[in-house]
Amino acid sequence: LLADEQTGSDKTSRRARVEQSFDVVLYLGDNLRDFDERFKYSSAAGIDGRNRAVDEMSDKFGIEWIILPNPSYGEWTKAFKNDLQDVD
C-alpha cells in the first residue's frame with residue numbers, strides 16, 4: 001500500500017512510516033526481505049550469508065515474523081544463479 005518508485009523492493013522506510021503511527025505486533029511476508037533488508041541476497045555472501053542472517057534473527061520467526069513462502073517467485077531464485085529476476 002505504501003510502495004513507491006523511489007524505495008523499490010526495500011521496505012525499510014515503509015515499515016518505519018507505519019511504526020510512527022501504529023504499534024505493529026506481527027509482520028507477515030512471503031520473502032525474507034519483507035522483514036528486514038539484512039536478508040537481501042548478495043552474490044558475494046551467497047546462500048550462506050542469507051542463512052547466517054536467518055540464524056541471527058531466528059528469535060523473531062514465529063513470534064514477530066510469520067513467513068508464508070511463495071514457491072513461484074522471489075529473491076530466493078537468485079541463489080540458483082539462473083539469471084532469474086527478483087520480481088517481488
Side-chain angles (χ1 to χ4, degrees):
L1 295 174
L2 300 176
D4 63 42
E5 294 175 12
Q6 295 175 354
T7 59
S9 294
D10 186 342
K11 296 177 176 76
T12 305
S13 63
R14 290 181 263 170
R15 284 190 295 269
R17 186 171 160 196
V18 169
E19 291 169 353
Q20 287 176 352
S21 301
F22 300 96
D23 292 325
V24 178
V25 296
L26 182 71
Y27 283 99
L28 299 172
D30 68 349
N31 185 326
L32 290 170
R33 284 179 69 196
D34 289 338
F35 307 111
D36 196 290
E37 271 304 290
R38 283 179 265 196
F39 298 120
K40 183 174 183 178
Y41 182 76
S42 157
S43 58
I47 194 68
D48 290 336
R50 240 179 158 201
N51 287 342
R52 277 190 300 277
V54 167
D55 289 344
E56 291 168 5
M57 306 296 285
S58 65
D59 60 320
K60 294 183 179 272
F61 289 103
I63 298 169
E64 296 175 39
W65 298 344
I66 304 294
I67 191 160
L68 303 170
N70 184 341
S72 300
Y73 72 91
E75 193 168 51
W76 61 270
T77 60
K78 290 180 179 179
F80 295 102
K81 299 179 174 53
N82 292 350
D83 294 326
L84 298 172
Q85 295 299 311
D86 178 13
V87 295
D88 56 354

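Hydrogens, waters and symmetry mates play no part in the numbers below; they use all other heavy atoms, side chains included.
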> Would V54 and F39 satisfy side chain to side chain contact (heavy atoms under 4.5 Å, CB included), going step by step from the backbone distance to the final call?
Replying inline: CA-CA 7 Å; V54 167; F39 298 120; 3.8 Å; yes

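- Taking every heavy atom of both residues into account, I63 and L26 meet most closely at O-CD1, 3.5 Å.
- When each of D59, L28, D36 is checked for a side chain to side chain contact (heavy atoms under 4.5 Å, CB included) with W65, only D36 meets the rule.
- For D30 against L68, the heavy-atom pair with the smallest separation is CB-O, 3.1 Å.
- Ion pairing between E56 and R52 fails under the 4.0 Å rule for side-chain N and carboxylate O.
- With sequence neighbours excluded, no residue forms a side-chain contact (heavy atoms from CB on, under 4.5 Å) with V25.
- The NZ atom of K11 sits 12.0 Å away from the OH atom of Y27 when rounded to the nearest 0.5 Å.
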>> For M57 and F35: C-alpha separation, side-chain torsions, deciding distance, then whether side chain to side chain contact (heavy atoms under 4.5 Å, CB included) applies.
In response: CA-CA 10 Å; M57 306 296 285; F35 307 111; over 6 Å; no

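- With hydrogens and angles ignored, the 3.5 Å screen pairs a side-chain donor or acceptor of R15 with a backbone N or O of D34.
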>> Working note: E37 + R33, criterion salt bridge (Lys or Arg N to Asp or Glu O under 4.0 Å); need CA distance, chi angles, decisive distance, verdict.
In response: CA-CA 5 Å; E37 271 304 290; R33 284 179 69 196; 3.0 Å; yes

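- Distance check, rounded to the nearest 0.5 Å: CZ of R38 to OG1 of T12 gives 9.5 Å.
- Of all heavy-atom pairs spanning F61 and L32, the tightest one is CZ-CD2, 3.7 Å.
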